[in-house]
Amino acid sequence: MPKAEYYGTGRRKSAIARVRLVHGNGQILINDKDIDTYFGLETLKLIVRQPLKLTGTVEKFNVIAKVEGGGTTGQAGAIRLGVARALLKAEDNHRPAMKSAGFLTRDPRMIERKKYGLKKARRAPQFSKR
């Protein structure tokens with residue numbers, strides 16, 4: 001019998017994560033590196049593990065994630081969304097708890113585009129009277 005794999009895609013800002021859940025002992029690999037070596041901050045590791053802790057499946061699944069683009073915080077948020085979506089495919093009875101915790105909502109906030117005549121999106125050049 002082949003091992004069951006569950007897939008989920010997560011996006012946050014400009015980061016995109018493709019997450020695969022496999023039955024295992026709770027190991028988390030991000031871009032072929034352990035979570036402790038990939039993320040330095042403890043808060044980012046906590047963000048990635050949140051859906052697993054909420055559903056009580058930390059020791060039940062191994063997480064294998066490929067993530068690209070964005071910064072470390074955006075990547076952690078993208079992985080969290082991907083893990084939550086993959087967990088729904090594995091066990092659909094966790095939907096109400098994850099929905100109320102906000103793990104299934106894609107954060108729509110993106111960087112505002114730069115406008116002409118300005119230095120950034122809203123930053124105007126310095127004004128001088130003379």
Side-chain angles (χ1 to χ4, degrees):
M1 183 176 125
K3 278 194 166 184
E5 291 185 348
Y6 306 99
Y7 296 92
T9 305
R11 291 195 262 321
R12 170 83 168 90
K13 292 187 176 181
S14 59
I16 301 166
R18 295 177 312 232
V19 179
R20 197 170 85 210
L21 286 185
V22 185
H23 287 284
N25 56 358
Q27 184 182 18
I28 300 175
L29 289 176
I30 301 165
N31 291 349
D32 299 322
K33 294 179 185 173
D34 190 53
I35 188 170
D36 296 319
T37 56
Y38 193 81
F39 288 127
L41 294 174
E42 206 59 44
T43 53
L44 299 177
K45 298 173 196 173
L46 181 85
I47 287 171
V48 171
R49 291 187 179 113
Q50 277 178 330
L52 295 168
K53 282 188 178 171
L54 180 74
T55 56
T57 54
V58 177
E59 300 294 319
K60 194 174 177 185
F61 291 108
N62 286 353
V63 177
I64 300 143
K66 300 281 183 205
V67 64
E68 56 190 24
T72 53
T73 308
Q75 287 186 351
I79 293 169
R80 179 176 78 174
L81 180 60
V83 167
R85 286 178 173 175
L87 274 172
L88 276 190
K89 290 181 182 173
E91 300 168 10
D92 197 42
N93 58 337
H94 296 307
R95 176 176 276 281
M98 284 202 289
K99 185 81 173 163
S100 64
F103 297 153
L104 300 177
T105 308
R106 198 260 195 235
D107 195 341
R109 294 176 293 174
M110 301 294 283
I111 295 173
E112 191 175 342
R113 78 169 203 81
K114 183 194 175 301
K115 279 76 168 192
Y116 60 88
L118 300 179
K119 292 186 176 289
K120 291 171 63 179
R122 298 182 184 209
R123 166 81 170 98
Q126 185 172 346
F127 173 75
S128 174
K129 209 173 224 181
R130 320 190 171 107

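What you are looking at is a predicted structure, and each value in this text was computed from that prediction instead of being measured.
Side-chain N or O atoms of Gln75 include one that pairs as donor or acceptor with a backbone N or O of Gly69 at under 3.5 Å. In this structure, the side chain of Lys45 does not engage the main chain of Arg49 through any donor-acceptor pair within 3.5 Å. The backbone N or O of Tyr7 lies less than 3.5 Å from a partner atom in the side chain of Lys89, making a donor-acceptor pair. In this structure, Lys115 contributes its side chain and Arg113 its backbone to a donor-acceptor pair below 3.5 Å. Between the Asn62 side chain and the Gln27 main chain, a donor and an acceptor come within less than 3.5 Å of each other. Looking at Asn31, its side chain does come within 3.5 Å of a backbone N or O of Val67 through a donor-acceptor pair.
Under the 4.5 Å side-chain criterion, counting only non-hydrogen atoms from C-beta, Leu87 is in contact with Met98. Side-chain contact between Leu81 and Arg106 is present, with at least one heavy-atom pair separated by less than 4.5 Å. Inter-residue side-chain proximity for Arg95 and Leu104 is flagged as met; some heavy-atom pair is nearer than 4.5 Å. Taking 4.5 Å as the limit, every side-chain heavy atom of Phe61 sits out of range of all side-chain heavy atoms of Arg20. Between Lys66 and Asp32 the shortest side-chain heavy-atom distance falls below 4.5 Å. Side-chain contact between Val48 and Val63 is absent, with no heavy atoms from C-beta onward closer than 4.5 Å.
Thr37 approaches Asp34 most closely through the heavy-atom pair OG1-O, 2.9 Å. For the pair Ala76 and Ile47, the tightest heavy-atom approach, listed with the atom from each and the gap, is O-CG2, 3.8 Å. Pro125 and Lys119 make their closest contact through CA-CE, 3.9 Å (heavy atoms, listed as atom of the first residue, atom of the second, distance). For the pair Leu54 and Ala97, the tightest heavy-atom approach, listed with the atom from each and the gap, is CD2-O, 3.6 Å. Scanning all heavy atoms of the two residues, the minimum distance from Thr57 to Thr55 falls at OG1-OG1, 2.8 Å. Looking at every heavy atom in both residues, Ala15 comes nearest to Ala78 through O-CB, 3.9 Å.
Taking CE of Met110 as the start and CZ of Arg12 as the end, the distance is 9.5 Å to the nearest 0.5 Å. Atom CG in Leu21 sits 13.5 Å away from atom CZ in Arg85 (nearest 0.5 Å).
The hydrophobic clustering, which links ILVMFWY residues whose side-chain heavy atoms are closer than 4.5 Å, places Ile35 and Phe103 together. Taking hydrophobic clusters as Ile, Leu, Val, Met, Phe, Trp and Tyr residues chained together by side-chain heavy-atom distances below 4.5 Å, Ile79 shares a cluster with Leu41. No continuous path of ILVMFWY side-chain contacts below 4.5 Å connects Val83 to Ile64, so the two sit in separate hydrophobic clusters.
Of the residues Leu29, Thr72, Ile30, Ile28, the one that meets the side chain to side chain contact (heavy atoms under 4.5 Å, CB included) test with Tyr38 is Ile30.
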